[in-house]
Peer 1: 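The structure follows.
Note: hydrogens, waters and symmetry copies are ignored here, and every other heavy atom, side chains too, is used. Sequence lines set the chain letters: A, B, ... in the order given, protein chains first and strands last, and positions in each chain run from 1.
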Amino acid sequence: MTIYRDRRKREFIAKLSISNYQLTINHYLLQTQFIYQHNSKMQIKELLNGFSEGKVAKVRGRLISFRPHGGSAFGHIKDSTGRIQIYGKVDKLSNFAEFLHLTLGDIIEVEGELFLTKTSEKTIFLSSFSILTKPQNPIPKEWYGIKDVELKHRKRYLDLLVNEEVKERFEKRSKIISCLRRLLDEKGFLEVETPMMHTIAQGAEAEPFLTHHNALDLSLCLRIAPELYLKKLIVGGLDRVYEIGKTFRNEGISTLHNPEFTILEAYLAYANYNDMMELSSWLISSVAKEVLSETKIIYDSNTIDLAPPWKKLSVFPAIEEAVKEEVKDLEDCARVCEKLNIKEIEDPFKTLVDRFVQPNLIQPTFLVDFPAQLSPLAKKRADDPNIAERFEIIIAGCEIGNAYSELSDPDEQLENFKRQGKVDYDFVSALSYGLPPTGGLGIGIDRLVMLLTNQTSIREVILFPLLKPNEEVRNVVIPK
RNA sequence: GGGCCGUUGGCUCAAUCGGCAGAGCAGGGGACUCUUAAUCCCAAGAUUAUAGGUUCGAUUCCUAUACGGCCCA
């Protein structure tokens, strides 16, 4: 449903000779040609690359600037690959009058001879043009862009159209993800898809979104992590698996949290958390090298070098150093929180780490030696049963990833589940068939993209971040 | 959940101490045959987020609500 803001515009459109129906037909024919005639597929970048004066070319794009002067007019059209100048002249273009009626945002097809203007700009001298789609609402001008953050998020299509750097940022996101895939594929990892609807929310400490399957009359929740299913695949002999996909946590929204976010989880059999340190630093530095052609990045005024090896930091000594108190275990954490007058917190350990340790870790750091009690799916260290073989990846003061040697003992897993108060017997059963020593890694893709695109809000790297419906949406959507 | 800030035409922004809501761009009409943020002329476009309150008078001050941003939890 379109909201017509500009009444005059709407009336003007109504007077146009081309009906919407015809536009649709035109467009459909074009799509058909697109499929069957290979040479009609040309995009602007291709045209610019193969540019030679005198050649005749046909391209399609959106009109982003228009400068008529009487008997001629210049403009620019752009598609996803680039932009090119077009030039129409009254004696060359039979429908020149209609040409002069073009407005910014019109989606047109143009055909003509290529030439260079006197400033040597590559230009198409139009012999014909046609309107493929006539927008009913105006498109803001690129020069001014869209700055209103709410508008940028609600109408991302306008943000993408008008703000070039936004388009580039999301292209970069896409490259980062495809690069991660390629790197893992090359190492023999198999990409898999596991259920997003779970009967028990497991794999992380988070509130799930609840839903229901009607035919089975079954209560389900959206996954808060893919972890357990992926480990079942390791039991099943798929020794190297990974999944990149959405995960859902029914929690607050912040510059670091969106209720649905993208996670990469990778599991490697016959490996432990040390191997995962190697894998994760290699992955992240390789992605940076490939996408930014540099392992040194600038993030929020810090220069960060992602090249391995990364620093390792034991978490309890790090807390001690930060709060200048003796902190050896979880009781100490609770005591320190009390002493510092930090109240109403669920997890004193996490609070101290988040507040006092993490913010100071700008360069990539493996934060190691997490308490076993807070790591119910991780293997305990052989020399210290209170400590898990687990680490978090901290870069620019932000938790980017989490990994451990996977717990493979079904009895111990069952005990851990019971202590948490929710038991996934299905998973315990899977473990009872034998999980090889396995290293597991989770990386928050959105945060990684933030890091590599120098964005301080997660909403700037998610195309459509969750927003409360505003009046416009509520008025249109609610059917009751 | 708490604190602070914001919301003015389609977009980007003004509006002095509480005193006639204004500009640029976009959109409409006109002039202009190598422009590129084209230029020039004309006309139009606003329930200042919403609902109240104070006041002779509110974009401006107060209260509540909605949405957003940042910070904290």
Peer 1: Distance between the C1' atoms of B:A38 and B:C34, in whole angstroms?
Peer 2: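 So the two C1' atoms sit 11 Å from each other.
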
Peer 1: Among A:Leu63, A:Ile86, A:Ile84, which residue meets the side-chain contact (heavy atoms from CB on, under 4.5 Å) test with A:Val110?
Peer 2: A:Ile86

Peer 1: Ignoring hydrogens and angles, are the base of B:U35 and the side chain of A:Ser72 linked by a donor-acceptor pair under 3.5 Å?
Peer 2: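 Looking at the base of B:U35, it does not pair with any donor or acceptor on the side chain of A:Ser72 (distance under 3.5 Å).
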
Peer 1: Classify the ring geometry of A:Phe209 against A:Phe248: parallel below 30°, tilted from 30° to 60°, perpendicular beyond 60°.
Peer 2: perpendicular

Peer 1: If we take the P atom in both B:G10 and B:G28, what is their distance in whole Å?
Peer 2: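 Pairwise P distance, B:G10 against B:G28, rounds to 16 Å.
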
Peer 1: Has A:Arg154 got a side-chain N or O lying under 4.0 Å from the OP1 or OP2 atom of B:C67?
Peer 2: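 No, because none of the side-chain N or O atoms of A:Arg154 sits under 4.0 Å from OP1 or OP2 of B:C67.
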
Peer 1: Please work out which of the three classes, parallel, tilted or perpendicular, describes the rings of A:Phe99 and A:Phe129, given edges at 30° and 60°.
Peer 2: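 The rings of A:Phe129 and A:Phe99 stand perpendicular, inter-plane angle above 60°.
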
Peer 1: Between B:U33 and A:Lys89, is there an OP1 or OP2 to side-chain N/O distance shorter than 4.0 Å?
Peer 2: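 No, no such contact exists.
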
Peer 1: Quick check on B:A38: is either OP1 or OP2 less than 4.0 Å from any side-chain nitrogen or oxygen of A:Arg67?
Peer 2: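 A:Arg67 to B:A38 OP1/OP2: side-chain N or O found under 4.0 Å.
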
Peer 1: Does a side-chain N or O from A:Lys141 land closer than 4.0 Å to OP1 or OP2 of B:A38, or not?
Peer 2: yes

Peer 1: Would you kindly check if the NZ (Lys) or CZ (Arg) of A:Lys312 is within the cone defined by 45 degrees around the ring axis of A:Phe391 and under 6.0 Å from the six-membered ring centre?
Peer 2: no

Peer 1: Do the side chain of A:Thr117 and the base of B:U35 come within less than 3.5 angstrom through a donor-acceptor pair of N or O atoms?
Peer 2: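 Between B:U35 and A:Thr117, which were checked side chain against base, a qualifying N/O pair under 3.5 Å is present.
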
Peer 1: Who does B:C34 pair with, Watson-Crick or G-U, both distances under 3.5 Å?
Peer 2: none

Peer 1: Taking for each residue the nucleotide of RNA chain B with the nearest heavy atom, is it A:Glu150 or A:Pro140 whose nucleotide lies nearer the 5' end?
Peer 2: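 Looking at RNA chain B, the more 5' nearest nucleotide goes with A:Pro140.
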
Peer 1: If we take the C1' atom in both B:U7 and B:A14, what is their distance in whole Å?
Peer 2: 16 Å

Peer 1: Is the base of B:G68 stacked against the aromatic ring of A:His153, taking ring centres under 5.5 Å apart and planes under 30° as the test?
Peer 2: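 According to the criterion (under 5.5 Å, under 30°), no, A:His153 does not stack.
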
Peer 1: Quick one: is A:Ser457 getting a side-chain N or O under 4.0 Å of the B:G69 phosphate, OP1 or OP2?
Peer 2: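 False: A:Ser457 side-chain N/O out of range (4.0 Å or more) of B:G69 OP1/OP2.
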
Peer 1: With both distances under 3.5 angstrom, what nucleotide forms a Watson-Crick or G-U wobble pair with B:U55?
Peer 2: none

Peer 1: With the criterion set at under 5.5 Å between ring centres and under 30 degrees between planes, would B:U35 be stacked on A:Phe74?
Peer 2: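 By the stated criterion, A:Phe74 and B:U35 stack.
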
Peer 1: Decide yes or no, distance alone: a donor-acceptor N/O pair under 3.5 angstrom between the base of B:U35 and the side-chain of A:Gln85.
Peer 2: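 It does, because a donor-acceptor pair links the side chain of A:Gln85 to the base of B:U35 below 3.5 Å.
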
